[in-house]
Amino acid sequence: MKNPSQQSPTAKTDLVEEVDQFDAIIIGAGVTGLYSLYRLRERGFSVQSFEEGSGVGGTWFWNRYPGCRFDSESYSYGYSFSEELLQEWDWKERFSGQPENERYLNYVADKFDLRRHIRLNSRVASAVFDEDANRWEVLLEDGHRARGQFLITSVGILSAGYIPDFEGLDSFKGNWCHTGRWPKEGMDLAGKRVGVIGTGATAVQLITEIAKEVSHLTVFQRTANYCAPLRNGPIDDEEQREIKASYPEIFKKCMETPGSFVHQFDPRSAMDVSPEDRLEQYERLWKKPGFGKWLSNFYDVMLPGEANEDYAEFVRNKIRERVQDPVVAEMLVPKDHMFGSKRLPCESGYYEVYNQDNVLLVDVRQAPIERITPRGVQTADAEYELDVIIFATGYDAVTGSLNRLEIRGQGGQTLKEKFANGPRTYMGISSAGFPNLFTVNAASVGNFVRAAEPLVDWVSEAICYVRDNQFKRITATLEAEDAWVNHVNEAGAKILRTQANSWFVGANIPGKARVLLTSPDSAPVMRAKRAEVAANGYEGFLLE
Ligand SMILES: Cc1cc2nc3c(=O)[nH]c(=O)nc-3n(C[C@H](O)[C@H](O)[C@H](O)COP(=O)(O)OP(=O)(O)OC[C@H]3O[C@@H](n4cnc5c(N)ncnc54)[C@H](O)[C@@H]3O)c2cc1C
């Protein structure tokens, strides 16, 4: 490793092996990959990122479907590491859309001169740890190889798209795509008969937009979700100035909240106030933009129990008010899971779509999809003729993107084998038997960038510690890992996120072990735990 003044910007080439050599290899160039690259380069490491896509941005590169946008407040999602960037970039909307988000991440890549360290169109097929050399060897699908002492997988929590294994998809005569691989040139939907499979957060955004242009829309719903109004709007000049002047306060607030959002829970219990006061708060928050409806609500709305059910009924009634046909309304009202136990979609006119004559809602729990036919979708009840099928069927979350590449550690064990019954990590970032590997994609939740920035900072400092103390490798101990896995299972059992069959627990993927895929702890608790580990000389890690 070199210090920054010695570092050459380009890869060195090992003439014997003809393999590019780096201090650190990063897989992925989304928000986490870009920041990892920036941070490690700033700390004097030679770094290379390999990205499958033809552009940077990750989620915001791939998800080009109509309606794709933040449900985090834009200004709370952007990077905080550069005051100059904060002052230069104008977020135009309160909840910015995909094109703008992609532009932002490209702006960051250019501003900080990150592109020269990124190889696009480069899908990593495998990463194998060389135990003698203490280096990871990465093999790309195009045959290119590179070696690095450290490997950082910033491959995304929601990047491995999932399409159910429907029989007959190949026979379909029309066009189809998954929302997470929306073609750059777009999909021609105007005047077409379109089917959307899925009604999660993505589908809710997509359906609302495309219902404006298709000739007929069929929505195949397995689970009705609680959705709440996003209430997006432009940020005017005055608000822009206010935001830019108060970034320190905005970020401070985010760092204090459990999910790193700008919204702070009301410390009162919903059940301790009068029914009138309770309803007044529900209604007041309902009129506000974004996640405040639940994250600024009585704290126990987001805990299993009476308050949660009380608020759930409030939301159900809001849905009933907006859908004209009472039968359709009841189909859209969630009754099989607690409010907040699944990802909460935000909408901008979603329920009104079902008042259109050209929109049909099909309950595939009652009559499951049997196969895709040349003409459309066959359920147990009927065949639906379609020109286009859109799979809004979600992701093999958190571990999917890791399992889709072969990561081989000590003794030839693969991470996929090791994770067969759920992720086995220490704090989400490190796994025993996989030295110098940091699975940063597996450790951030909530308002993503607020959680990812401190995590990447921590990983960068851990790597500096290895370098500065002349160690060759850092590996989680099995004891630390076992204790962490037990903690995830025990603490996880008590939180709302494990109560429903959602991607948080892998329940959307047939055969996937049903375990909490992320930390059960709040963001401030996680940061404190990591800080303590570092302060104690990387307790729980073996340094050799
Ligand atoms: C539609 C959608 C909306 C979202 N909205 C929000 C929001 O409003 N607020 C919020 O906080 N979070 C949101 N999220 C979560 C979002 O994923 C994160 O906010 C964030 O973008 C994740 O960044 P990342 O860099 O960790 O991963 P990603 O952005 O997923 O990037 C991972 C990158 O790794 C690449 N990659 C994966 N495997 C390989 C491989 N083998 N070889 C090479 N490259 C590889 C992928 O191509 C991808 O570009 C949303 C997610 C989705 C899908």
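Since the model is a prediction, treat every value here as computed from it, not as a measurement. Counting starts at 1 for both ligands and their atoms, following the listed order.
- Contact annotation: for L405 versus ligand 1, heavy atoms closer than 4.0 Å belong to the side chain alone.
- Scanning all protein heavy atoms for the shortest distance to atom 27 (O) of ligand 1 gives G156 CA, 3.1 Å.
- Between F61 and ligand 1 there is no heavy-atom distance shorter than 4.0 Å.
- Residue V124 places at least one N or O, backbone or side chain, under 3.5 Å from an N or O of ligand 1.
- Using a 4.0 Å heavy-atom cutoff, F95 is absent from the residues neighbouring ligand 1.
- For ligand 1, the polar-atom distance check against T32 finds a nitrogen or oxygen pair separated by under 3.5 Å.
- Put simply, the side chain of P334 reaches to within 4.5 Å of the side chain of I319, judged on heavy atoms.
- Remark: R64 engages E102 in a salt bridge (charged side-chain N to carboxylate O under 4.0 Å, His left out) (not counting sequence neighbours).
- Atom 2 (C) of ligand 1 has as its closest protein heavy atom T59 CG2, 3.9 Å.
- What sits closest to atom 11 (O) of ligand 1 on the protein, heavy atoms only, is F448 N, 2.7 Å.
- Some N or O of E52 is nearer than 3.5 Å to an N or O of ligand 1, by distance alone.
- Residue R343 has no N or O atom closer than 3.5 Å to an N or O atom of ligand 1.
- Checking only distances, R181 never comes within under 3.5 Å of ligand 1, N or O to N or O.
- Taking any N or O of T202, backbone or side chain, none lies under 3.5 Å from an N or O belonging to ligand 1.
- Salt-bridge formation is detected for the pair K418/E481: a Lys NZ or Arg NE/NH1/NH2 atom is positioned less than 4.0 Å from an Asp or Glu carboxylate oxygen.
- Not a single N or O atom of V449, backbone or side chain, sits closer than 3.5 Å to an N or O atom of ligand 1.
- Every side chain to side chain contact (heavy atoms under 4.5 Å, CB included) that L140 has, sequence neighbours left out, goes to F50, R119, S122, V124, V138, D142, H144.
- Classification of the F150-F45 ring pair by plane angle, with boundaries at 30° and 60°, yields perpendicular.
- Using a 30° and 60° split on the angle between ring planes, W91 and Y104 fall in the tilted class, from 30° to 60°.
- For ligand 1, the atoms closer than 4.0 angstrom to any heavy atom of S154 are 32 (C), 33 (C), 34 (O).
- Of the candidates F70, F261, F251, W89, F70 is the only one forming a ring-ring contact (aromatic ring centres under 6.0 Å, His included) with Y77.
- Using a 4.5 Å cut-off on side-chain heavy atoms (C-beta onward), E137 and D130 make no contact.
- Polar contact with ligand 1: present for G446 (N/O pair, distance under 3.5 Å).
- Using bins of under 30°, 30° to 60° and over 60° for the plane-to-plane angle, the ring pair F129/W136 lands in the tilted bin.
- Checked against a 3.5 angstrom limit, the closest N/O atoms of Y65 and ligand 1 fall outside it.
- For R527 (side chain) and L455 (main-chain N/O), no donor-acceptor pair under 3.5 Å exists by modelled atom type.
- For ligand 1, the polar-atom distance check finds an N/O of D71 within less than 3.5 Å of one of the ligand's N/O atoms.
- For S122, every heavy-atom contact with ligand 1 shorter than 4.0 Å involves the backbone, none the side chain.
- The OG1 atom of T199 sits 12.0 Å away from the CG atom of L206 when rounded to the nearest 0.5 Å.
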